[in-house]
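Below is one structure, written out as structure tokens; comments come after it.
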Amino acid sequence: MKKLLFLFCLFLSLAGCQKAPVTPFNTETVNHTSKGMSSDSSEMDSLAKQTKKNNTKPSLEDTTKNIPVSNDVPSLRVGTLFGPSIYFTTDQGSSGFDYEMAQSFAHYLKQTLVIKPYANIDELYQAMAQGDIDIIAAGLTETPERRKHYRIGPVLYRVDQLLVYKQGTSTPKKVTQLTRNITVTANSAFADTLSNLSKDNPQLAWQQVNNKDNAELLGMIDSGDIPYTIVNSTTFNINRRYMPELRAGPILKKQQAIAWLLPKENSDKLMSELLSFWHQEQKAGVLAHLNEKYFAHVQRFDYVDTRAFIQAIDTRLPQYQDTFQDNAGDLDWRKLAATAYQESHWKPNARSPTGVRGLMMLTLATAKQLGIKNRLDPTQSIEGGSKYLKEILDRLPDSIPDSQRMWFALASYNIGIGHLEDARKLAQSMGLDPSAWRDVKQVLPLLQQRQYYKKTRYGYASGNQAVHYVDSIRRYYDTLVWVDNQNMQLGDNSQATQTADITDNSNNKLSQQNL
């Protein structure tokens, strides 16, 4: 635990965001073009073909490819901030809600996307004033002050403004009754909110900081350096996975629109294109997909479980990490490890009343099928679990996009691929997309209701459990990615320090020789 806290503190001082970016501030990033087994695979293949025929929505992959970079192709210059729901880079590539939407928009315009991350909101404003960027896509809230100076794009999603404090701090009932300072990021919507509140409540104490972002301020809350801050509900939900001591106080503003900003002048054509693009993405379900991808799975929070997982990363994972990596193959080892934690909490002797056992909780029949002789042996269990997931992934219909296949496979791992196919058929009969996880996860709980499961081939299934199962693994995976990035960054900085020390020692020796 101490090691993780040290990594987190170092991360805050070095990166200023949740997932450590490798791209320095004020640099440009140019983006290039960017399967329980079912006994009736023919029926599944038939559904896949029918899905391809009937589903006219473009997949997310189809709408997020960038055209190849060419000197003849104009660029869409997008200014942004680093953040887990905005823009960040990992060893798996770049991601973020705003980033993926910007990719889609550039593709829609047949332009090359150029991402320009800045250190703070003030620098974003300056960049637009100087004509360095065409759009600000940084998870910013629509406010009256921003409407004065910018054109506001269509609503991407909505958030609440929350007062945040640490467990143990006196629980505030009203923000106007606080006797200690509230710290917020400068030029933010939170500063506007406090400014308006202070007009009628001059005793309200608050301050703006220009050198800290929201994630850093939450880290300062967690470390006890400041008592209160204000963030969006999405930011709070994401960050409390790493800082479970954070608590949400009063909601200051509800359902605030998150949108992009365009220049006030000479942006008629760009705004027209953006509106047309937004309608297309909304109709295609891309906005709903991105909302589910970045925000849905973090809504549920378990304080005890989160603390236990963070501790297990430090104490148990090191015993098995190499084995996860060795057996992952084309899978991200962290998804395999997250699945194992959900199954057994990384306890090799785990067992359930239904007879599944081991680190990956394999049934005896599945273990025999996979050639696993000892389910209680961690290496064999991880090997078996990896093989089983890969087999499921291979049997999933081609219509399911690569970005969502793992979630379907995990649902199958939990309740069986037959029940998953029942849910997909049910989704299709209800006019939903059977190849979109956001739609199928809505339908899975219906398999617990007789009026629905009596019409299915495989009958009753605990669909709610499957949804919770997948969401939990996604949260564990996100945390593992965050920790892994911090470890890599810590290693890079350690190596840089060693190199500097070697250089200093060499210079000292040369100086002594010259003397």
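Heavy atoms only: backbone and side chains are in, while hydrogens, waters and symmetry mates are out. Along the sequence shown, the residues carry numbers beginning at 1.
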| request: With rounding to the nearest 0.5 Å, note down the distance linking CD in Q342 to CG in N414. | output: 8.0 Å
| message | For a 4.5 angstrom cut-off between non-hydrogen side-chain atoms, does N464 reach Q448? | response | yes
| task | Could you tell me the separation between the CD1 atom of I251 and the CD atom of Q256, rounded to the nearest 0.5 Å? | result | 11.0 Å
| message | I want to check something: taking the side chain as every heavy atom from C-beta on, are L389 and L410 in contact at a cut-off of under 4.5 Å? | response | yes
| Does S386 use its side chain to pair, donor to acceptor, with the backbone of I382 at less than 3.5 Å? | no
| request: Step by step, work out the ring pair (Phe, Tyr, Trp, His ring centres under 6.0 Å) result for F97 and Y87. | output: CA-CA 7 Å; F97 190 110; Y87 169 68; over 10 Å; no
| Heavy-atom closest pair, residues G385 and M360 | CA-CE, 3.9 Å
| task | Search all heavy atoms of S435 against all heavy atoms of R424 and return the closest pair with its distance. | result | OG-NH2, 3.2 Å
| message | Tell me the closest heavy-atom pair linking A466 and L444, and the distance in Å. | response | CB-CD1, 4.4 Å
| message | Under a 3.5 Å cutoff, is there a donor and acceptor pairing between the side chains of D332 and Y477? | response | yes
| Between the side chains of Q449 and Y453, is a donor N or O closer than 3.5 angstrom to an acceptor N or O? | no
| said: Can you give me the closest heavy-atom contact between P434 and V440, atom names plus distance? | reply: O-CG2, 3.5 Å
| request: Enter the distance from T141:OG1 to I258:CD1 here, rounded to the nearest 0.5 Å. | output: 3.5 Å
| Do you see a donor-acceptor pair shorter than 3.5 Å between the side chains of W260 and D98? | yes
| query | Between Y341 and H345, how do the two ring planes meet: parallel, tilted or perpendicular, split at 30° and 60°? | reply | parallel
| field | Interatomic distance, N120 atom CG to T185 atom OG1 [nearest 0.5 angstrom] | value | 9.5 Å
| Are W437 and F408 close enough that their ring centres sit under 6.0 Å apart? | yes
| Salt bridge present between E245 and R240 (N-O < 4.0 angstrom) | no
| How about N211 and E216: do any of their side-chain heavy atoms sit closer than 4.5 Å? | no
| query | Just by distance, with hydrogens left out, do D225 and S223 show a side-chain donor and acceptor under 3.5 Å apart? | reply | yes
| request: For residues W346 and F309, establish whether the separation of their ring centroids is below 6.0 Å. | output: yes
| task | For the residue pair V164 and I230, establish whether any side-chain heavy-atom pair is separated by less than 4.5 Å. | result | no
| Cut-off 3.5 Å, side chains only: do Y469 and E343 have a donor facing an acceptor? | yes
| message | Determine whether a donor-acceptor pair (N or O, by modelled atom type, separation under 3.5 Å) exists between the side chain of K390 and the backbone of A328. | response | yes
| field | Taking every non-hydrogen atom, the tightest pair across L359 and S381 | value | N-OG, 3.3 Å
| note | Heavy-atom nearest pair, T323 first then T379, reads CG2-CA, 3.8 Å
| query | Atom CG in D471, atom OH in Y476: separation rounded to 0.5 Å? | reply | 11.0 Å
| N232 side chain near Q161 side chain, heavy-atom distance below 4.5 Å | yes
| said: Less than 4.5 Å apart, side chain to side chain, heavy atoms only: is that true for Y460 and K454? | reply: no
| said: Is it the case that the side chains of R158 and Q255 hold a donor-acceptor pair, with the cut-off being a distance below 3.5 Å and no angle test? | reply: no
| query | Taking the inter-plane angle between the rings of Y458 and H419 on a 0 to 90° scale, is it parallel (under 30°), tilted (30 to 60°) or perpendicular (over 60°)? | reply | perpendicular
| query | Does any non-hydrogen side-chain atom of Y413 lie less than 4.5 Å from one of M361? | reply | no
| If you round to the nearest 0.5 Å, how far is NZ of K116 from CG of L81? | 14.5 Å
| When you check the gap from the basic side-chain N to the acidic O, do K387 and E391 get nearer than 4.0 Å? | no
